2 protein chains.
Amino acid sequence: MKLTIEYLQETLKGRFELSLLQELVEVGQFKRAPVGSYLIRPGEYIRSVPFIIRGSVKIMRPDQEGREALLYYLGGLDACAMSLTCCLGSKRSEITAVVEEETELIAIPVEKIDDWLCRYSTWKQFVFQTYQKRFDNLLMTIDEVIFHKLDERLLAYLQKKVASCQCTVLNITHEEIAQELATSREVISRLLKQLEKNGQIQLTRNKITMLA
Amino acid sequence: MKLTIEYLQETLKGRFELSLLQELVEVGQFKRAPVGSYLIRPGEYIRSVPFIIRGSVKIMRPDQEGREALLYYLGGLDACAMSLTCCLGSKRSEITAVVEEETELIAIPVEKIDDWLCRYSTWKQFVFQTYQKRFDNLLMTIDEVIFHKLDERLLAYLQKKVASCQCTVLNITHEEIAQELATSREVISRLLKQLEKNGQIQLTRNKITMLA
DNA sequence: CAGCCTATGTAACAATTGTCACGGAAGCCT
DNA sequence: AGGCTTCCGTGACAATTGTTACATAGGCTG
């Protein structure tokens, strides 16, 4: 699809000035990314920063043994701070970005990130806001892992998921959850069963329904 | 102490252009911070960003119950990214910064951070480099906590400490370590004893000597 | 030296998390 | 229906981490 000023004005209303929108239309590349597709893989160089218009993207952190833990989600009007730093420092990515729900995004070429920074104060603001949000995300993730037990983390995980997909029925297997929380399937099954006993969720194959 | 161009040229050699150094001399405030002093407390507004010339500063993350876990260390020529985001978004600090070893720093007023960003490309570079380093630090911390067990984390902790203070004898109590790793003193004592049995360290009161 | 405070050692037990083994259930395909 | 694959439930046990309780040791102060 081709980007238009009208589309941008509608989706980003008031966030950026007109002249910036015009540049965005020129250099930005609109993309629709299907569920499960990878926006970024660890080790890759990043040539464009994804600016998410709508949808949901999962940011994960891999380790050497092939495990991959969830860091946080990006949603509408978010941008990936990791990409920003990688671009500006031309380093390889240290994270994975997977589309969680069908996502529309604008790919912005690296050069422009820097170029716009001093020419558009709204852009500068946006970039720094992005950094701040990502720091907050990371800190919250760290809090979870350091200070909370698995059952609490699991519940928080489910709630985040619900918030991100806007519906109370999650289509997900225990195995997937286990991977994102960096533990084993059996442990997750056990804890989920506990939550079910407490009346907080309902379990069926490939599906978890939040009740609370 | 009063800042001088000569001092900055010596300590920051080549990193910033002369005109920026001149501004730094004018608006920056040189400070010497003793061990144990707080540069930032959670909940505070931040009016100046600490740019560390020499020494070591510990960045910690508190939780509601008064626990406080170590995130990472800042050393020479580092700046605190948290301060940056807080300033630019005028938000309260979410972390604690404590001086680990006698530190010399330059306090830079908030307004200047933004002001210089577009006027000095070396400054812009520095700011983004700072963000990137802090992201890396946080990611490494997350890796530790998510993927590694306490004994490995403890060893990594000790090694980081050794690297940061440049000597193999650490003056620290088990209790302090326990707090920074968000666990209990007994657990740390147990694991330290294990390390001692393995011949990796030597324990005496208030002191841990690294052997490996 | 006696008294006191802090740091450390350690046993015993509880709780949490990880692993193994296996059985059953749900859905799909032919 | 029968066979196959994937997902889930669960018991049993191991390993790790947390907690309680108390003993001992080092070092300081009067």
Side-chain angles (χ1 to χ4, degrees), chain A residues 36 63-70 142-158 161 169-211, chain B residues 36 63-70 142-158 161 169-211:
Chain A
D63 83 334
Q64 303 85 339
E65 272 112 88
R67 287 178 295 188
E68 199 157 52
L70 172 67
I142 290 182
D143 282 347
E144 283 292 317
V145 181
I146 294 186
F147 297 121
H148 297 297
K149 283 196 277 234
L150 250 183
D151 53 352
E152 299 174 293
R153 286 176 57 201
L154 175 58
L155 193 57
Y157 169 88
L158 294 174
K161 206 99 172 162
V169 178
L170 305 174
N171 294 296
I172 191 170
T173 69
H174 300 185
E175 178 65 35
E176 289 179 78
I177 300 177
Q179 284 184 17
E180 306 203 342
L181 296 183
T183 178
S184 70
R185 199 267 311 163
E186 294 90 328
V187 171
I188 294 298
S189 290
R190 185 158 61 203
L191 295 175
L192 282 174
K193 212 64 198 168
Q194 196 56 48
L195 288 179
E196 191 178 39
K197 269 185 195 150
N198 296 349
Q200 307 185 68
I201 62 175
Q202 190 186 327
L203 298 171
T204 38
R205 191 186 171 88
N206 289 318
K207 210 169 69 176
I208 298 175
T209 309
M210 299 294 286
L211 299 177
Chain B
D63 84 334
Q64 303 85 342
E65 273 113 89
R67 286 178 295 187
E68 200 157 49
L70 173 67
I142 289 183
D143 283 348
E144 282 291 317
V145 182
I146 294 187
F147 297 121
H148 297 299
K149 285 200 276 241
L150 250 182
D151 52 353
E152 298 174 293
R153 286 175 57 203
L154 174 58
L155 193 56
Y157 169 88
L158 294 175
K161 206 96 171 163
V169 178
L170 306 173
N171 293 296
I172 191 169
T173 70
H174 300 183
E175 177 65 37
E176 289 178 77
I177 300 177
Q179 284 184 19
E180 306 205 341
L181 296 183
T183 179
S184 70
R185 196 269 311 165
E186 293 87 334
V187 172
I188 294 299
S189 289
R190 184 159 59 205
L191 295 175
L192 282 174
K193 211 66 198 169
Q194 196 56 49
L195 288 179
E196 191 179 39
K197 267 185 198 150
N198 296 350
Q200 307 184 68
I201 62 176
Q202 189 186 330
L203 298 171
T204 37
R205 189 185 172 87
N206 291 317
K207 210 169 70 176
I208 299 174
T209 309
M210 300 293 288
L211 299 178

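For clarity, every value in this text was computed on a predicted model and none was experimentally measured. Below, read A as the first sequence line, B as the second, and so on, with proteins coming before strands; counting in each chain starts at 1.
- Taking atom CD1 on Ile188(A) and atom C1' on dT19(C), their separation rounds to 15 Å, with Å as the unit.
- Taking atom CG of Leu154(B) as the reference point, atom P of dT16(D) lies 14 Å away to the nearest angstrom.
- The CG atom of Asp151(A) sits 12 Å away from the P atom of dG18(C) (whole-angstrom rounding).
- Considering only heavy atoms from C-beta on, Asp63(B) stays 4.5 Å or farther from Asp143(A) through its side chain.
- As a whole-Å value, the separation of Leu191(A) CG from dT17(C) C1' is 9 Å.
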Between the protein and nucleotides 7-11 of chain C, list the N/O to N/O atom pairs that are separated by less than 3.5 angstrom.
unit_1: dA7(C); atom_1: O4'; unit_2: Arg205(B); atom_2: NH1; d: 3.3
unit_1: dA7(C); atom_1: O4'; unit_2: Arg205(B); atom_2: NH2; d: 3.4
unit_1: dT8(C); atom_1: OP1; unit_2: Asn206(B); atom_2: N; d: 3.3
unit_1: dT8(C); atom_1: OP2; unit_2: His174(B); atom_2: N; d: 2.9
unit_1: dG9(C); atom_1: OP1; unit_2: Lys193(B); atom_2: NZ; d: 3.0
unit_1: dG9(C); atom_1: N7; unit_2: Arg185(B); atom_2: NH1; d: 3.0
unit_1: dG9(C); atom_1: O6; unit_2: Arg185(B); atom_2: NH2; d: 2.9

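- Of all nucleotides listed (dG18(C), dG18(D), dT17(D)), dG18(D) comes nearest to the side chain of Thr183(B).
- Residue pairs meeting the side chain to side chain donor-acceptor pair (under 3.5 Å) criterion with at least one member in residues 192-204 of chain A, sequence neighbours excluded: Lys193(A)-Glu196(A).
- As a whole-Å value, the separation of Glu65(A) CD from dG18(C) P is 14 Å.
- Computed from coordinates, the Ile177(A) CD1 to dT6(D) P distance equals 19 Å when rounded to whole Å.
- Spacing between atom CZ of Arg67(A) and atom P of dT19(C) amounts to 8 Å, rounded to whole angstrom units.
- Counting only heavy atoms from C-beta outward, the side chains of Val187(B) and Leu191(B) approach each other to under 4.5 Å.
- Inter-residue side-chain proximity for Leu158(B) and Leu195(B) is flagged as met; some heavy-atom pair is nearer than 4.5 Å.
- Counting only heavy atoms from C-beta outward, the side chains of Arg185(B) and Ile188(B) never approach each other to under 4.5 Å.
- By the 4.5 Å heavy-atom criterion applied to side chains, Thr209(B) and Val169(B) are counted as neighbours.
- For Gln194(A) and dA15(C), the CD to C1' distance is 13 Å, given to the nearest whole Å.
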